[in-house]
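All remarks here apply to the structure that follows.
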Amino acid sequence: MRSLALTNACALAALAVASAGARAPMQTPPVFRGGTEVVSVDVTVRSNGQAVGGLHAGDFVVRDNNVVQQVEAVDATAMPLDVTILADASGGSSGAWSNGTSAARTHTLVERNVDTIAAMLRPEDRLRVLAVDTYASLVLPLQPAHQPVALRSLTSQGLSSAYDGLIAAMLAPVEPGRRHLIVAWTKAVDTISAADAEQVRDVARQSDAVVHVVQRDFAPSDGPNPLYREVRRTWRPFMRDDPSLLTDVASLSGGTFHGPGAFGDVSAADAFKPIFDEFRRGYVLRYSPRGVSRGGWHEIQVTIPRLPTAVIHARRGYAGAAAVPAPSSSGRGAAASPPMRGLAETFDRADVPAMRATLRSTPNLRSVIHAYADEGAMWAAAPKHEAMFVLELARAGVLSADAGTRDEALMVLGRQHDLVRQPLGADAFECAWYEAEAAVLASRALAIQGIDATTSAIARCPDASGLVLARAVATDALWSTANARAAAERAGRKPIASPADVLARYDEAISKQESAAEAGVRSAWLDYRIGNYADAIARLDAADRQPADRVVRFFGQFVRGQVQQARGENEAAEAAYRGALVSWPGAQSARVSLMTLLLTRGERDEAERLAEDVQAAPDSQIDPWWIYWQGAYRGFDGLMATLAELAR
Amino acid sequence: MTTRALARVVVVAGATAVALVVPVRARQDARPSFRTATEAVSVDVSVQRDGRPVANLTAADFELRDNGVVQAITDLSYEKMPIDVTIAFDVSLSVTDTVLTQLRRAVDDVRARLRPGDRIKLMTFNMRVSRVLDFTDRLADTKGAFDRVTPAGSTALLDTVAVALTSAAPVDRRQLIIALGDGQDTSSVTSEGALREVARRTTGTVVFVLPSVMTRALPLMSPMAPATSARGSVTIADGVVSTGPVQIVPAVFRTIAAETGGLVVPAIGDAISSTLTRTFDNFRSTYVLHYSPAGVPASGFHELQVRVTRRGNYDVRARRGYQN
């Protein structure tokens, strides 16, 4: 089942810890948001051992808590897949239970299987590999299926975090229009996961993925196993003894459990092929629940009256809204203090202007932000919602004139920077969040913080051009501005040594298509400021002269005017300023520059008119030049809209 | 004779002139034409002795050189021409409430010293240059004009002065521009060189008033320019950062003031008001010398030198020259 309104839960935070190896104990069980409006159910149908194709919506009867629903069916054959391979590499190179498996051997085995599986996928499909050992770790981030596979090295330290690995795989977000298939190739033994079996079941109920479990070595129901006993003796405090878990996970998610020998020599690739064939030929049924209460557990039954003997695999159900411990439909908890609750309610209504007005008029914003930091997450069940709230809160704090408020805001923002990390690798939301964070920091031209945040983010999202550009702008600000340099000195940081270092950062951004135009203009402005007029012109010539972004277009024309005026090319400068005023009518910077240029050339009448226009401009007249150093901040609202879309 | 600065050139020009060419005693239009067949130059000259204006001087008491050539002064007036005073008021975030209060009081005091026929114009500036009140002789209109000002944003002081100077100025009125700022410029696009060129082509006299709090902030300016920067750098002022080729050091203000015959006035605390009114009084107590340039090419920059020929130690201020 896939609920379009359902996203992965705060267990991600625990998983981030688990997969990162921090081994922090899970403080709270994972909870889920259940504001379900559209339910999607992955269904596979077999008859006489063969997958059945060609079915339509009218062939299916779907009951939600025993109430027949009106469904639409999508032939899933054409839908692209995201496939996650969960490879159990647990077991050290020595020790009874590992069968002498070495890390290198396991790595080779997994790599060979992954290559085989990748070859079965279509170009539009994607593949990721998650390895389970003492820690669950992402050894192949989600990538196009036909891209060469380069696994990160596997470790075999002797223990198994299979539960954590399963949860990490199941909580991977699924983009609309794609299906997520997990093949867990595991020994079915867990010795050290942060999550327990019930949490794994909970996640399986809510996951957007269909999980097929292929057991490698033995069936838990086979009774005591030498390997098992060894583990018991050594790691009893951590031992999980829940032999039905894996079958439950498969069943709850709509997949199947394949015991040892089910595929003969059960290599992952062997196991994958029949699973993949069946899954590929499945259906996605969608419906909006009617006639049932939203809350509680919703049992799903799928039948095909005209194929009464068909074997149908679909998930068993899903948890509705009332199953959420949080009282708010947005997943917000009830523990917040009154000021925070008011803000949270405004944010839940998506009334951003009201929230910002409230924050602006809050007499002691510092204490409000501090209270939030103390109280912790308000939307435990909706971490993305929470992450967006933090951006708004931090934005208000960073813009505050009070240094203490700014510090509180930066602390909260930095904490969220860590929490927003997705355990399976950065997804679109995470990368967009980092861009919004960079925008918040740019709102006050906080150069050092901007460089640190973007550098960390780029390591996660190397393709995010907005981050690369934001880092370049912050680097420029650090080199250029006295305040930033003073802040760097106070922080014991090395200053930016030369403009060449800044230009190198801009060149990184120029190499990315989306940021090339703006980076080109900004680098030209830097060249202008250091007197390299010829280089500045060359950079402007190389940049796109008609970028779609009107602000960048204005910047380019205005900077060109400045450079050409400095070179004594007054006619060209005049044309550039006039072009800038076409791009952004009324921009004060261009008007003033044109005014002084014309006055110098004796064109007094127009200069006087421009002076009059400048003074008489309405307050609504904004000049993009005023926010040049705020870089990405001008895109903050757009980024928030993107985040809202991605969180949905 | 010592030379301080304060003076004004009111000028004249030929039909081709770029510059400040004015028929002497021209009509009192709001937007006068500077183009006339008559070439006459008017020069504001402030003369002080022991800190007090010196009155009762005649044309014979002055020697005026235009590009080194002594000129015949055809007319002289003293305290007769009406004054257009423009007060530009810094409302950037770096200006404290205390300073704002002092500045408001100073504006009230200047307003109180205006005579019939004088006019006042009020401007504010942070990164935005705004006219709060256009030239008016209805002084009541100015009351409370700055009351609702809330400091915010960065500072475009040089842009403001450039706009104020370029604004149309009636030829039969003297122009005084008083810029009350904190001595920092964080977002102007007008360079010192460009503003100097503007000053040479316009008639206003610029006085910078830098209150004590602001004056102390001046040392912050110089480190802003990276050592390797030929064009200066940028600075941040409470969240808004300059994008301009920042070359703003205190010398900029002195240069521009001197170019226009004005001066930089450091005011300390409550003395802002008295400093401003004294500045205004001194400006009023100024001679206007008129001459028709002779023996010098009409075009190009005309360097002016003015001195008092009477025996004694006089402070004489006049603008450095004009561009024709």
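All chains are named by letter (A, B, ...) in the order of the sequence lines, taking the proteins before the strands, and each is independently numbered beginning at 1.
Here the side chain of B:Q323 pairs no donor or acceptor atom with the backbone of A:T600 at under 3.5 angstrom.
A distance of 13.0 Å separates OG in B:S187 from CD1 in A:I627, rounded to the nearest 0.5 Å. Atom OG1 in B:T166 sits 10.0 Å away from atom CG in A:L598 (nearest 0.5 Å). We find the CG-CG distance between B:L165 and A:L599 to be 9.0 Å, quoted to the nearest 0.5 Å. The line from CG of B:L158 to OG1 of A:T596 is 11.0 Å long, rounded to the nearest 0.5 Å.
Closest approach of B:D159 and A:Q588 over heavy atoms only: OD2-NE2, 4.4 Å. Here the closest non-hydrogen pair linking B:R128 and A:I622 is NH2-CD1, 3.7 Å. When all heavy atoms of B:T202 and A:R604 are compared, the pair lying nearest together is CG2-NH1, 4.2 Å.
Side-chain atoms of A:Q615 and B:S167 include a donor-acceptor pair closer than 3.5 Å.
Every residue meeting the side chain to side chain donor-acceptor pair (under 3.5 Å) condition with A:R539, not counting sequence neighbours, appears here in chain and number order: A:D507, A:S523, A:D527.
Both the backbone and the side chain of A:Q621 have a heavy atom closer than 4.5 Å to some heavy atom of chain B. Within the 4.5 angstrom heavy-atom criterion, no atom of A:D623 approaches chain B.
Contact count versus chain A (heavy atoms, under 4.5 Å) is highest, among B:A156, B:S130, B:A162, B:A194, for B:A162.
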